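Because the structure is predicted, anything quoted here is derived from the model rather than measured. Chain letters run A, B, ... following the sequence lines, proteins first and then strands; every chain starts at 1.
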Number of protein chains: 2
Amino acid sequence: MEADIFLRENNIKVTKARIYIYMLLSKSPNALTAEDIYNRSRGENIDINLSTVYRTLEVFEKNNIVEKFNIGENSHLYSLVKEKHSHILKCSLCNKEIKVPCPMKQIEELVKNQTGFTLTEHKLVLKGICSECSEKIAKSNKNDKDNKNC
Amino acid sequence: MEADIFLRENNIKVTKARIYIYMLLSKSPNALTAEDIYNRSRGENIDINLSTVYRTLEVFEKNNIVEKFNIGENSHLYSLVKEKHSHILKCSLCNKEIKVPCPMKQIEELVKNQTGFTLTEHKLVLKGICSECSEKIAKSNKNDKDNKNC
DNA sequence: CTGCGTGCAAATGCTTTGCATATGT
DNA sequence: ACATATGCAAAGCATTTGCACGCAG
């Protein structure tokens, strides 16, 4: 029942919709769709309008309370933000390094949806070619343009 | 210019829309949206209706010629299928193993969109807990239900 | 009491579908 | 000739928005 305190700490006005949605997400082991949240609210005596659900999730997202994943076609899942981390991407050609926010959250949800597996750890090593190097290659490739489907 | 042969080989009726879309995808270094394809077709003298684009992509997808990724909000990208591989998911508890189709394609597109990096290689190690084990845990956790936010 | 949150209904954006016509084999 | 592909316009679905009202601070 400390949802209101949590909201207040985040300078978010406390309303029944926000309390309910925050509580629901914190209790739920899975990420939920907006529709899920809407339906569950109707199940209990708290009727929250679908647009309110979206607006609340948007507020939470902007306050880094909730994160949103795209799953399959046009469905999105929402869950409370867990720890965040990044990965280093190192260009194989020029060795430049850049950071990307870990894309695995997306994968975790995807895999969970497909297989029921709850991913707890991952190790991700990415190698690639940065945009500048790609362009250089593209130019020098204008000569030997017979590497289709290689 | 061998698009028609390719289509015929796949038992797909050859039409200008299909040839055009197949060629466009095979020439494009990036995955494209349906809209992209539509717009480019208008640029040249080949007018292809947007619904035809979608229908064609659907046919290609069903024939494993094209794959579809979800990127960001409600946008999807399409590209020719490249090699496919899987990863092993091993449950940390019961050691059961299952295969998942490599989810990195999705990531590759995402990263490319965000950073311009073209990923060429990845190493992905996943650890997790399978659904059965999750359930067992859930049950035995009913006792010590004070691990919120841990 | 004042502004922000909410419900409602209408609008949006991407995608899909029904139907009549055009095209490939 | 016949089945399938296409264009067009209308429907669908998840999400967003405008507006009037209601509630939190």
Given [N], is OP1 or OP2 found less than 4.0 Å from the side-chain N or O atoms of [X]?
| X | N | result |
| --- | --- | --- |
| T15(A) | dC23(D) | no |
| R18(A) | dT6(C) | yes |
| R8(A) | dA24(D) | no |

With a 4.5 Å heavy-atom cut-off, do [X] and [Y] have their side chains touching?
| X | Y | value |
| --- | --- | --- |
| L80(A) | V66(A) | yes |
| L77(A) | L32(A) | no |
| T56(B) | I48(B) | no |

Ion pair present between K62(A) and E58(A), side-chain N to carboxylate O less than 4.0 angstrom?
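Salt bridge flag = yes for E58(A) with K62(A).
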Rounded to whole angstroms, how far apart are [atom1] on [X] and [atom2] on [N]?
| X | N | atom1 | atom2 | value |
| --- | --- | --- | --- | --- |
| I46(A) | dT6(C) | CD1 | C1' | 15 Å |
| I48(B) | dG7(D) | CD1 | P | 7 Å |
| Y20(A) | dG5(C) | OH | C1' | 18 Å |
| E58(A) | dT17(D) | CD | P | 7 Å |
| K16(B) | dA22(C) | NZ | P | 13 Å |
| H76(A) | dC14(C) | NE2 | C1' | 11 Å |
| L50(B) | dT17(C) | CG | C1' | 14 Å |
| K13(B) | dT6(D) | NZ | P | 9 Å |

Would you indicate which nucleotide in dT6(C), dA5(D), dG25(D) comes nearest to any side-chain atom of T56(A)?
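The answer is dT6(C).
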Could you tell me which non-hydrogen atom of L25(B) sits nearest to which non-hydrogen atom of S79(B), and how far apart they are?
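Looks like CD2-CA, 4.2 Å.
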Atom pair [atom1] ([X]) and [atom2] ([Y]), whose distance is rounded to the nearest 0.5 Å:
| X | Y | atom1 | atom2 | value |
| --- | --- | --- | --- | --- |
| I5(A) | I19(A) | CD1 | CD1 | 10.5 Å |
| M23(A) | E2(A) | CE | CD | 9.0 Å |
| I21(A) | R55(A) | CD1 | CZ | 11.5 Å |

Which word best sums up how the rings of Y22(B) and F6(B) line up, parallel for under 30°, tilted for 30 to 60°, or perpendicular for over 60°?
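Ring orientation, 0 to 90° scale: parallel.
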Got a sec? Which of residues 32-41 of chain A come in under 4.0 Å of DNA chain C, heavy atoms?
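Nucleic-acid contacts, sorted: none.
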Every protein N/O within reach of nucleotides 8-11 of chain C N/O, cut-off under 3.5 Å:
residue, atom, partner, partner atom, Å
dC8(C), N4, S51(A), OG, 3.3
dC8(C), N4, R55(A), NH2, 3.3

